[in-house]
Amino acid sequence: MDIQQIADRYVALCREGKHEQITRELYAEDASSVEIPGRQDGPLGNVKGREAILAKGRVFQDDVIEVHDSWCSDPVVGGNWFSLAMSIDATYKSMGRMPMAEVAVYQVRDGKIVHEQFFYG
């Protein structure tokens, strides 16, 4: 797949709520995930490796009680990068109901996502 196809596949799976499938299908084994400063440590912080990214996603999902609304924008592709705007309004075990929005940026190499970075706050 080229980068546009990867970005489009990511969006299609995201809109179906298939987040674990996104990671298993589209991420390189050595991919990295980077959070905003101040949120870089712990189970939802910066991690390296597809399995660590899957574990991070499970920690996040395990905290969700109910999703009230979520959306994902169409991708913007430039070179070997694509970005998405995403939002979720959910009730969490740890913080109650909280809407969140972010911009996520992904780097692709050799047909796989090798880096993701999130901007929010």
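FYI, the numbering just counts along the sequence from 1.
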Inset, instruction - Would you mind listing the cluster partners of Val105? Hydrophobic ones only (ILVMFWY), side-chain contacts under 4.5 Å, chaining allowed. - result: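 Trp81, Val103, Phe119, all in the cluster of Val105.
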Inset, instruction - Classify the angle between the aromatic ring planes of Tyr106 and Phe82 as parallel (below 30°), tilted (30 to 60°) or perpendicular (above 60°). - result: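 The rings of Tyr106 and Phe82 lie parallel, inter-plane angle below 30°.
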Quick one: does [X]'s side chain have a donor or acceptor within less than 3.5 Å of a partner on [Y]'s backbone?
X: Lys93; Y: Ile65; answer: no
X: Ser87; Y: Met100; answer: yes
X: Lys112; Y: Glu25; answer: yes
X: Asn80; Y: Gln107; answer: no
X: Asp63; Y: Ser94; answer: yes

Other residues, nucleotides and ligands only: do more than 12 of their heavy atoms fall within 6.0 Å of [atom1] on [X]?
X: Glu29; atom1: CD; result: no
X: Asp2; atom1: CG; result: yes
X: Arg15; atom1: CZ; result: yes

Inset, instruction - Can you measure from CD1 (Ile3) to CD1 (Ile113) and round to the nearest 0.5 angstrom? - result: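 Answer for the CD1-CD1 pair, Ile3 versus Ile113, is 8.5 Å.
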Distance-minimising heavy-atom pair for [X] and [Y]:
X: Met86; Y: Ala104; result: CE-CB, 3.4 Å
X: Asp89; Y: Arg97; result: OD2-NH2, 2.7 Å
X: Pro75; Y: Leu84; result: CA-CD2, 3.5 Å
X: Lys56; Y: Gly45; result: NZ-O, 3.0 Å

Inset, instruction - Show your working on salt bridge (charged side-chain N to carboxylate O under 4.0 Å, His left out) between Glu20 and Arg58 and close with a plain yes or no. - result: CA-CA 8 Å; Glu20 190 162 313; Arg58 286 185 203 114; 3.4 Å; yes
